[in-house]
Protein chains: 2
Amino acid sequence: MSVGIRHDDLRRRNRAMVISAVRRASQPSRTEIAATTGLSHSTISTISSDLIAEGILAEAKGSEPVSMKRGRPQVALTLEPRAASIVAVVLSLNSLSAAIIDYAGNTIVEDTRRLVTQRMPAEALIDECIAMIRRLIEGVATSGGPVLRIAIAVQGITDSGSRKLLWSPITRHDDIPFADRLEQEFGVPVTVENDCNMIAEALRWRDPVRYRDDFIAILLSHGIGMGLVIKGELFTGTQSSGAEFGHMIHRPNGALCRCGRRGCIEAYAGNYAIWRNAKLGDENAEPLADLSDDDITALADAARDHDGPEREAFRKAGEAIGFGLGSMFALFDPAPLAFVGVGATAFDLMEPHVLSAIAKTAGGLHSKAISFDTEPNEVPLKREGAMMRALLHVDQEIFAARLGGATPASAGKNVA
Amino acid sequence: MSVGIRHDDLRRRNRAMVISAVRRASQPSRTEIAATTGLSHSTISTISSDLIAEGILAEAKGSEPVSMKRGRPQVALTLEPRAASIVAVVLSLNSLSAAIIDYAGNTIVEDTRRLVTQRMPAEALIDECIAMIRRLIEGVATSGGPVLRIAIAVQGITDSGSRKLLWSPITRHDDIPFADRLEQEFGVPVTVENDCNMIAEALRWRDPVRYRDDFIAILLSHGIGMGLVIKGELFTGTQSSGAEFGHMIHRPNGALCRCGRRGCIEAYAGNYAIWRNAKLGDENAEPLADLSDDDITALADAARDHDGPEREAFRKAGEAIGFGLGSMFALFDPAPLAFVGVGATAFDLMEPHVLSAIAKTAGGLHSKAISFDTEPNEVPLKREGAMMRALLHVDQEIFAARLGGATPASAGKNVA
DNA sequence: CTCTTTTTTTCGAGCCTCGAAAAAATAGTG
DNA sequence: CACTATTTTTTCGAGGCTCGAAAAAAAGAG
């Protein structure tokens, strides 16, 4: 059971609230923070002056004095960019990219490389990550705050502790201990998380009005991924990263899936499945290893142009997604949807079939709560998501907990 | 966003911890509470003497001095039965039952009636509840603490605020405002919740070792219901009680379901579906309104006795449940399962097919985490679940929040 | 009867948040 | 340009809460 609240937890939590309020709002004043947190002005004043003294927050000097009201003007608080930095890594099929990002969320430097991930040993994958991160860190050695966290977004299933890549389509190897190895190497906490979960995290920050407490991000690419936010929390499995929408069963004993099983949603709606249905008309054909985005847009163009196997393939994909969503909605009710990835460019071909399938399910009851949005480019979302995860960790676990003025890492600046 | 922690929240939360520790453990001493909550002995001492002074807890006098160690013996703390009482109501197809239960969880008085729920107007359902509760309360007017909460467990879907019965197989009417009407009538907070969720809550208290942070209770009866606990929390929909396992889609456009749609799991695994498959062999036949338990056990006996349509019907049921579980496990990983209700007596007929279906899904990966347990009698579980919900509310929301010595019920004592 | 051991209570110290009042900083006003 | 009204931020004392240490309480052991 959860443990009692000690006296020092209180400060820690309220510091976390203040930091979080500053990260969320754009340059809030102390008064605004008091309003959103419900804490008193005196408390906010104390905490924020501590945070400023510690070099975590700063007063925004040169900004617009937007108020134009009478009275003492509000002073906007910002995150101090040099308080820390983090590394966001995105590892996908045949591609690795990494960026160093400051505490305010500005990218300082980034790099991308093509790899042949499926032919590399597990160790080589780890080594490539380490090498890229090391190059980036060395390149910016002098500027910026200390790196306090590394977050990796990866295609595949990770453990619920975000330490290992349990299974991934980008490699034949299992249980790759990214977090342990990178922590050894850099002496900084590291997490590996599912890329679709990171996409969901990113959407929340991009459009907090639309994507608030409950929404679903579905990645339509070679496979089908999902990131799920329910009741304000990223939804993960109890043992793994979970939320494997693509491997819910659409038709028992149905089409052959890349995972080796049959009837998964992905086996109807993944790019390889659409291609297979359109070109081969054989649900049991071995899935292709990779397809270019152009292959898919070509299929979509053909489907838009004339009736035929292409159009039918997209219909089947939409149907599989719709029934799958209907089953999910039976569990937790409908929520706004974002379709991400190259498949989203063809979503117009699937949408009517998605909707008609949902209408045949329990989810159809509240179909007003369903809305679709599409975002073809998933890459920046993955990076933003990993970035936000890392920054939030620094906010909540590191900076909120620095009590008593003892600020070990950052060379003597605060303490006043 | 969540609000900052005020100074008085601290006491409230720690009082809640202490009460919860006493309810969970059997008669813990102050020392044990300090250990499980992580709070200091002095804090526990202060809080528990407050709670005793307020008449919420009591020292167990006549109990066994079980220790036999040296030193000052521990004094066991108990819940004071007369601190409060609650009403637990269970409303099912053609049956209404209610009980008054004291703060320690002992049933003081109970009653059950048969009703013809499907022919009653919505108002009549509410009125029957009110009448039964009123009779019970008047019967025990003098003894026991004041009624502080009423919890109703009902078949069907409720709203996420637990105020209304949105839809139910027991009546043709929708949106029945049980909570509002009963609150008006009794002046006490009331909740209506899905019965399967209450079953899950009850299992947690019956066997906290097996059913801890993650487990699934599936009710096999006329329809199929589910109560889901994930990461220690009862899982509900965002707008409704959710967790409608029975209406996940097993076969798109498949068998006719009681809900009017097609291919739901329930349309293969509900009692009416098994009966229909065994007797009529027609998936499209209109579902029967009701079946007796004997009808099902007769089918099960026949299926055990010889191969034939009965055995095949149970096979189809097991398959539907298995694929459904597999799809759920794709979302949040496998968890221990409890099959509850009359269908559980026939679970031996379904189990191999459930397992073989799961093995064909992503859930099959971690099949070691799956364990089955059966409990044929769901009625006491529903009542216990409703009881625990009500008691926990009193613990957490009412008694934990009685701060500042203002204890209306108990005459002035603490404050020192 | 005294000593040892364990539990529970008491007491002062140290934090934390809060409200009220003071200080700071600006726009309006004549 | 001095003064006033207004709004934000800081300061300060009060009140609460938890904690650790020490004291008190309540047994069994010898």
Side-chain angles (χ1 to χ4, degrees), chain A residues 3-18 27-35 37-53 57 59-61 63-77 400-406 416, chain B residues 3-18 27-35 37-53 57 59-61 63-77 400-406 414-416:
Chain A
V3 103
I5 301 187
R6 315 286 247 344
H7 208 188
D8 31 334
D9 291 340
L10 215 158
R11 224 329 142 65
R12 190 175 49 69
R13 295 205 197 190
N14 286 340
R15 279 168 65 101
M17 299 286 312
V18 171
Q27 313 217 28
S29 69
R30 292 168 175 81
T31 307
E32 283 174 59
I33 298 174
T37 60
L39 296 168
S40 73
H41 286 194
S42 22
T43 302
I44 299 301
S45 185
T46 313
I47 291 177
S48 49
S49 72
D50 280 2
L51 291 171
I52 291 170
L57 299 185
E59 298 191 338
K61 289 289 154 94
S63 69
E64 13 41 304
V66 82
S67 58
M68 273 318 190
K69 288 179 300 185
R70 257 194 188 190
R72 178 171 175 173
Q74 306 189 347
V75 304
L77 297 179
R402 274 193 190 163
L403 298 177
Chain B
V3 100
I5 301 187
R6 314 284 247 346
H7 209 185
D8 31 334
D9 291 342
L10 215 156
R11 224 330 142 61
R12 190 175 51 68
R13 295 205 196 191
N14 285 340
R15 280 169 63 101
M17 300 287 311
V18 171
Q27 314 217 22
S29 69
R30 292 167 173 82
T31 307
E32 282 174 57
I33 298 174
T37 59
L39 296 168
S40 73
H41 286 195
S42 25
T43 302
I44 299 301
S45 185
T46 314
I47 291 178
S48 49
S49 72
D50 281 1
L51 292 171
I52 291 170
L57 299 185
E59 299 192 337
K61 290 288 155 93
S63 70
E64 14 38 306
V66 82
S67 57
M68 271 322 191
K69 290 180 301 185
R70 261 195 185 190
R72 178 172 176 173
Q74 306 190 348
V75 302
L77 296 180
R402 278 197 187 157
L403 297 177
N414 47 330
V415 188

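Labels below follow one simple rule: chain letters A, B, ... track the order of the sequence lines, proteins then strands, and each chain is numbered from 1.
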[X] side chain near [N] phosphate (N/O to OP1/OP2, under 4.0 Å):
X	N	answer
B:K69	C:dT7	yes
A:S29	D:dT8	no
A:R6	D:dC19	yes
A:T31	D:dT9	yes
B:S42	D:dT18	no
A:N14	C:dC16	no
A:R11	C:dT17	yes

For B:H41 versus B:A34, what's the shortest heavy-atom pair and its separation?
CD2-CB, 3.2 Å
Let me know the distance between [atom1] of [X] and [atom2] of [N], rounded to the nearest Å.
X	N	atom1	atom2	value
B:Q74	D:dA27	CD	P	13 Å
A:D9	D:dT18	CG	P	11 Å
A:I47	C:dC15	CD1	P	16 Å
A:R15	C:dC15	CZ	C1'	14 Å
B:R12	C:dC16	CZ	P	20 Å
B:D8	C:dG19	CG	C1'	13 Å
A:L10	C:dC18	CG	P	9 Å
B:D50	D:dG16	CG	P	13 Å

Examine distances only and state if a side-chain atom of A:R15 and a backbone atom of A:R402 form a donor-acceptor pair shorter than 3.5 Å.
yes
Donor-acceptor check, side chain of A:S48 to backbone of A:I44, threshold 3.5 angstrom: yes or no?
yes
Can you work out whether B:R30 or A:G38 has the more 5'-proximal nearest nucleotide on DNA chain C?
B:R30
Should the pair A:D9-A:R12 be classified as a salt bridge under the 4.0 Å nitrogen-to-oxygen rule?
yes
5'-most by nearest nucleotide on DNA chain D - B:S40 or A:V75:
A:V75
Quick check: on DNA chain D, is the nucleotide nearest A:S49 upstream (toward 5') of the one nearest B:G71, or the reverse? Name the residue that is more 5'.
A:S49
Donor-acceptor pair present, A:H41 side chain and C:dG19 base, under 3.5 Å
no
Taking N and O atoms by type only, does the side chain of B:R70 place a donor or acceptor under 3.5 Å from a partner on the base of C:dT5?
no
Kindly determine whether A:R11 and A:I47 satisfy side chain to side chain contact (heavy atoms under 4.5 Å, CB included), including the steps that lead there.
CA-CA 8 Å; A:R11 224 329 142 65; A:I47 291 177; 3.4 Å; yes
Could you check B:Q27 against B:E32 for side chain to side chain contact (heavy atoms under 4.5 Å, CB included), going step by step and ending with a plain yes or no?
CA-CA 10 Å; B:Q27 314 217 22; B:E32 282 174 57; over 6 Å; no
Of the candidate nucleotides C:dT17, D:dT18, D:dT9, which contains the atom at the shortest distance from the side chain of A:R72?
D:dT9
